[in-house]
Amino acid sequence: MSTFLKQIHHVQLAAPIGSEDEARAFYTKVLGFTEVEKPAEMKKNGGCWFEQGDISLHIGIETPFVPAEKAHPAFYTEDLEAIVQHLETFGVKVEFDTRYPGYKRFYVFDPFQNRIEILQKK
């Protein structure tokens, strides 16, 4: 079988009804994403979309809402310590995990308790 999947187009995390402003604040101000316009036909579903470089992240409204506490996106960086310092200025708790050989990494949780991993090669 040949490789027919080429890359991840986007990652979607869920959020509760009415949480778009809180999502915008966290993903733009804290994680540095830029909000992008959702297609008109999809706006009626609520939620919001963000981009940073080649990363596309969608926040979808889900009822009933259950946070992704185990399943998560993992974002790669080349300056883990700078991100830790940045997050700490916003009071975001960073949970380091040393179990992945060859990587330094940590987890953070968005305002809805969805887990996000950020990692860097050692």
Nearest heavy-atom approach of A23 to F112 is N-CZ, 3.7 Å
Across all chains, not counting sequence neighbours, the ring pair (Phe, Tyr, Trp, His ring centres under 6.0 Å) partners of F109 are none
Residues at least two apart in sequence or cross-chain that pass side-chain contact (heavy atoms from CB on, under 4.5 Å) with Q52, listed by chain then number, are F33
Inset, instruction - Please confirm whether the backbone N or O of A14 pairs with a side-chain atom of N114, one donor and one acceptor, at under 3.5 Å? - result: yes
Residue pairs passing the salt bridge (Lys or Arg N to Asp or Glu O under 4.0 Å) test with at least one member in residues 39-48, sequence neighbours excluded, are E37-K43, E41-K44
Taking every heavy atom of A15 against every heavy atom of I59, the minimum-distance pair comes out as CB-CG2, 3.6 Å
Applying ring pair (Phe, Tyr, Trp, His ring centres under 6.0 Å) to F106 and not counting sequence neighbours gives F96
For E69, the salt bridge (charged side-chain N to carboxylate O under 4.0 Å, His left out) test, sequence neighbours excluded, returns none
Residues at least two apart in sequence or cross-chain that pass ring pair (Phe, Tyr, Trp, His ring centres under 6.0 Å) with F26, listed by chain then number, are none
### Task
Just do the side-chain contact (heavy atoms from CB on, under 4.5 Å) check on L57 and L31 with the steps written out, would you?
CA-CA 11 Å; L57 176 70; L31 290 186; 5.9 Å; no
Please check if the side chain of Q120 supplies one atom and the backbone of K104 the other of a donor-acceptor pair under 3.5 Å. no
Nearest heavy-atom approach of L119 to A74 is CD2-CB, 3.9 Å
Cluster overlap F90 with V84, hydrophobic side-chain contacts below 4.5 Å:
yes
- Side-chain heavy atoms under 4.5 angstrom apart, residues restricted to Ile, Leu, Val, Met, Phe, Trp, Tyr: same cluster for V36 and I55? no
Donor-acceptor under 3.5 Å (H58 side chain, V11 main chain)
no
Here the side chain to side chain donor-acceptor pair (under 3.5 Å) pairs for residues 18-36, sequence neighbours left out, are D21-R24, R24-E35, Y27-D110
Side chain to side chain donor-acceptor pair (under 3.5 Å) filter on R105, not counting sequence neighbours, yields D97, Y107, E117
Salt bridge (charged side-chain N to carboxylate O under 4.0 Å, His left out) filter on K93, not counting sequence neighbours, yields E95
The ring pair (Phe, Tyr, Trp, His ring centres under 6.0 Å) partners of Y100 (sequence neighbours excluded) come to Y103
Query raised in the report: Does any N or O in the side chain of H72 come within less than 3.5 Å of the main-chain N or O of K70, such that one atom is a donor and the other an acceptor?
Result: yes
Contacts satisfying salt bridge (Lys or Arg N to Asp or Glu O under 4.0 Å) that involve residues 77-90 (not counting sequence neighbours) are none
query: Given the rule that I, L, V, M, F, W and Y join up when any side-chain heavy atoms are under 4.5 Å apart, are V30 and L80 in one cluster?
result: yes
query: Going hydrophobic residue to hydrophobic residue with side-chain gaps under 4.5 angstrom, can you get from F65 over to I61?
result: no
Nearest heavy-atom contact between P73 and L13 is CD-CD2, 3.9 Å
Sequence neighbours excluded, the answer for side-chain contact (heavy atoms from CB on, under 4.5 Å) partners of P64 is none
The reported gap from NE2 in H10 to CZ in F50 (rounded to nearest 0.5 angstrom) is 13.5 Å
Rounded to the nearest 0.5 angstrom, the CD1-OG1 distance for I118 and T77 is 7.5 Å
